[in-house]
Structures are given as C-alpha cells and as structure tokens.
Amino acid sequence: MTRILTPFLLFIVLISGLLTGSCRKDPLDTDPTAKLLFSRDTVTFDTVFTTVGSTYRRFKAFNTSSQTVRISSIKLAGGSNSQFTLNVDGLPGREFTDVDIRGGDSLWMFAEVNVDPTSQNSPLLILDSILFETNGNRQTIILQAVGQDVYLHYPTNVSSTGVGYSYFNCNEVWTNDKPHLVFGLAIIPQNCALTMQAGTRVHMHKGAVIAADSNATLQIQGTFGNEVTIQGDRLEMEYREEPGQWGYVWLSANSVNNDVNWAIVKNGTIGFLVDSIGSSPNPTLNIRNTKVRNMTLAGIFGRDSHIRGGNLVVNNCGQYCAALAYGGNYTFTHCTFANYWNIDERNEPAIIVTNWYEDADGNPIRRDLDSAHFLNCIIAGALDNEFDVDSNTANGAFAFNYQVAFSMLRTNLNFGAHPNNFVNVVANGNPMFPHPQDNDFTILTGSPAINLGNPLYSGSLPFDIVNYNRFTIGNPDAGAYEHQP
C-alpha cells in the first residue's frame, strides 16, 4: 500500500532535510599532494621611501580541489622582523593558521611594505617570502621591494588652525644624492633662499606645500637631461601620472627673484601659485625649460603677479593650464599650453586672463593688467574655447592689456572685434601633436605651427625644450618644441 504524506508531514520532512544539509560541512581534502594555485608567484613593489608605506599588492590563492582545503599555516618567513605585513581574509598580521578555502573557491590576500630608515643613499632591495603549508605540503610566494632612504622634511610646529609647518634652514642647498621627502607646509624663511641643484628629486606627501616667505627665494637649477623633479611620494605604476597627490609650490606675496630652470613638476593640485608683485622690479617668477602637468586645479596660477615663462609645456590640468588672475604682468614665449584632461568634465579654458575678483561681500576688486603676452605659443585642448578673458576696467580706470601673437590658438573669440589683441594667429588649426595622451607635444610634419613664430621673440630662446636649434630651418616654430624633420 502506497503511503501518502499529508502536507504537514511533507513540510516537516523538507525542513528536516534542509536543516540536516545546512549543518553538513564539506569534507576536507587531506591529500598530501594537494597544492594551491596562486595568481602570482612573485609580488613586486616599486620604490618605497623610508617612513612611508606602500600601497597594498593583492593576489589570490585558488583551491582547484572539489573539497575544502585547510591551509594550516600562512606566515612571513621574516616573522616579526619582516618589513612586510599581510592581510588574509580581512585580518592583518604576519602569521595565520587554519585558513579554509572551499572547493573551487579562492582567497584574496594583500601585502604591504614599510621601509625602515637607513643610512644608505642608494636604493636597497628588500626581500621576504610568504610560506604556505597545506596537508604538510609547502609552497612559497616571493615578496620584493626597492627601498630608498630620503632627506626628510617634516613639520616641527602646528599652527592655531592645526596645520603642521616647518622652516628650512636659511640658504639651504638640496643635492641629488638621495630624494627629499616633504610633509606639511615647508617654508623658505624671510630673506633666505632654497636652492635645488640639478637632478634633485623632490617628493611631496599628500597635501604638502613648499612656500617662499616674504623676500625669500626659490632657485631650481636643473639642466637638460638632469632636470629637477617635483612629484608625489607614491611611485607605484598606477600613481606615475595620477593628479592631485600633493599641494603646490607657493611663491607668496613679496617673495623675490624665484627662478625655475629645467624642471618637471607633476601630479599636484597647483604647480606654481604665484602671488602679488611687491616692490621688486624683477619677475616674481622666471620659469624656463620646464614641464608642468597633471594638476587638478592649475599648472600656473598667478594672482596680480609678475611671471616670465619660456620653453614651457603645461598640460593635463583639471581647470586651467594657466590662470592669470587679478591683473599683473605676464609674458610667455615659445610655450605649449595643451589641455586634454579626461579624468572628469572640464569646463574652464586652458588659459584665463582677468583683472578683478569679488571680495567676500560681492564687491569687485580691480587691479591693472599691465600685460599678458603669449608670443610664439600654442594654446590647444579639447574644448571649443581654450582662451578666455574677463575684464573689469571701471570705464578705463584700470588697465587690461593682452596679446596673442604669432601663435596657434583654439578659441571662439571674434578676432575682428579685437584686432590689436591677436596678431598673426592661426585659429582652431590642428597642431598635430603625435601622442597628447602620453604627454608628447612635439609637432608632426604638416603642423601649422611650423615656421609660424617670429624670430624677434626667439632671441633669448634659440634652443627649444629638448635643446634643438630653432633656427635650423626657416623661422622658429610656435610652441615649446621645434619640429625636427
């Protein structure tokens, strides 16, 4: 006789089966030949500075068995003395026991390295390994990193607003034997200078700022092929061209005779923030043969300042390549301003020129714009208009003088309405940069920039940013690079 279960008894049987199944554990694979499969056999870190940890490197361990595998031990061979740390299944440490991986599943693990201070100036190789033991079977993953000792510039004071700051020694000279690592607000004292010799490597921690106080001077003395570099302190591959890693170089009001030659400044918020002119007849900043890129706000930000620039490449900025604000006195010769920022939306032009701003109460504060000249330059980018002006002259009481001459310019301005402001300008042509996404702003054969420049403006810059003679063939080209046939 066939027995038919009532709905109530059927429900009890189903629940019982589910409960029994939920309490059943997968059997362990105890085969002594069982091995894990790893996503990598060597975990490599780029250069890591003393006192600054690396980013995590992640990797996976795979269980190829259909049964659960128990890793009886995961540990660093260096033990408590290791400069590496691990994170396994969300837990930090240097040793772990009885870690299960279900059949066909995987386990994420992370490794980090910190470099202890040393007295060595050259990079040193840091090695360790992760030891795995499963059913008596041992496996290894190699860990390797390059550590570098640095000159450390760390805040020694805290302001009333909680900002950490310190002062450099008066007339301090930075050499290139090992990198300089800057934290917080680092100030060149009044009436003193900071000199960076050729090849100096400066690494700025998050939010770090180098500032020149009143009557202080910054001297960057790079040479062709041995440039001074200023960038963030993360050297892992994913950070090589990552904007916004540090603050800015601040040449504050009344700093004097700041001179930058042959430098590469990248990956910050503002490359150079240059304040008001003061009483000196000389430029607040004289900057030549320099590349500024990957700034979240601006490459060069002048505020009623006096700047002379030549052989500059300023590119890939979240707002402006150059913001010349609140008036001042500016001349840029043989410069390439190229903004192809693509990290997020950009609505501001590569170049903005103004002579006023609003105070906290909304009142216009005007300054004279004595001059803003762009001579033998290229101003390009992804927007329809990469050059904009905003004047408030109060019926002629304040000056607003600017000119773009013998240059290429991407703009929607009406040249006919400004005949004296645009002289021999090629508007909206293709400069023919070969690889702007790779920061390559040389110009290809056929570029309208070739022979566009006026030789009279090139006398102080006869060689381009790669030391190529501008007078080899015909007139000089517009921009920082002379075309090489």
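Throughout, residue positions are numbered sequentially from 1 according to the sequence presented.
Arg367 and Asp304 are joined by a salt bridge, as a carboxylate oxygen and a charged side-chain nitrogen come within less than 4.0 angstrom of each other. For the pair Glu241 and Arg293, the salt-bridge criterion is met [side-chain N within less than 4.0 Å of a carboxylate O]. Taking a cutoff of 4.0 Å between a charged side-chain nitrogen and a carboxylate oxygen, Arg288 and Asp259 qualify as a salt bridge. A salt bridge is absent between Lys266 and Glu242; no separation between the charged side-chain nitrogens and carboxylate oxygens falls under 4.0 Å. Between Glu112 and Arg94 no salt bridge is recorded (no basic side-chain N to carboxylate O distance below 4.0 Å).
Surrounding OH of Tyr154 are at most 12 heavy atoms belonging to other residues, nucleotides or ligands under 6.0 Å away. Enclosure of atom CH2 in Trp250 is not indicated, since only 12 or fewer non-hydrogen atoms of other residues, nucleotides or ligands lie within 6.0 angstrom.
Judged by distance alone, the side chains of His153 and Ser166 never bring a donor and an acceptor atom under 3.5 Å apart. A side-chain donor-acceptor contact under 3.5 Å links Asp128 and Ser82. Judged purely by distance below 3.5 Å, without hydrogens or angles, the side chains of Tyr167 and Asn157 never pair a donor atom with an acceptor atom. Side-chain atoms of Thr200 and His180 form no donor-acceptor pair, as typed in the model, at a separation below 3.5 Å. With 3.5 Å as the limit, one finds a donor-acceptor pair spanning the side chains of Thr411 and Asn385. Side-chain contact annotation: Asn315 with Asn439, donor-acceptor N/O pair under 3.5 Å present. No side-chain donor from either of Asn412 and Asp384 sits under 3.5 Å from a side-chain acceptor of the other. Under the 3.5 Å distance criterion, with hydrogens and angles disregarded, no donor-acceptor pair is assigned to the side chains of Thr290 and Asn261. For the 3.5 Å distance criterion, the side chains of Asn258 and Ser255 qualify, holding a donor opposite an acceptor. Side-chain polar atoms of Thr42 and Thr44 form no donor-acceptor pair below 3.5 angstrom. Side-chain contact annotation: Asp275 with Ser252, donor-acceptor N/O pair under 3.5 Å absent. Side-chain contact annotation: Asn329 with Asp370, donor-acceptor N/O pair under 3.5 Å absent.
Looking at Thr217, Asn282, Asn286 one by one, the single match for side chain to side chain donor-acceptor pair (under 3.5 Å) with Asn257 turns out to be Asn282. The residue from Tyr357, Phe398, Trp356 that alone fulfils the ring-ring contact (aromatic ring centres under 6.0 Å, His included) condition with Tyr326 is Tyr357.
Sorted by first and then second residue, the ring-ring contact (aromatic ring centres under 6.0 Å, His included) pairs with a member in residues 190-213 read Phe49-His203, Phe183-His205; sequence neighbours excluded.
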* Evaluate salt bridge (Lys or Arg N to Asp or Glu O under 4.0 Å) for Arg470 paired with Asp464, printing each intermediate quantity in order. => CA-CA 6 Å; Arg470 286 200 158 93; Asp464 74 356; 5.6 Å; no
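In this structure Lys291 satisfies the salt bridge (Lys or Arg N to Asp or Glu O under 4.0 Å) test with no other residue, sequence neighbours excluded.
Panel note: side chain Asn376, backbone Asn454; a donor-acceptor pair is recorded below 3.5 Å.
When side chains are defined from C-beta on, Asn467 counts as touching Trp262, because their heavy atoms get closer than 4.5 Å.
A ring-centre distance under 6.0 Å is not found for Trp341 and Tyr320.
Between Tyr402 and His418, the two ring planes are tilted [angle within 30° to 60°].
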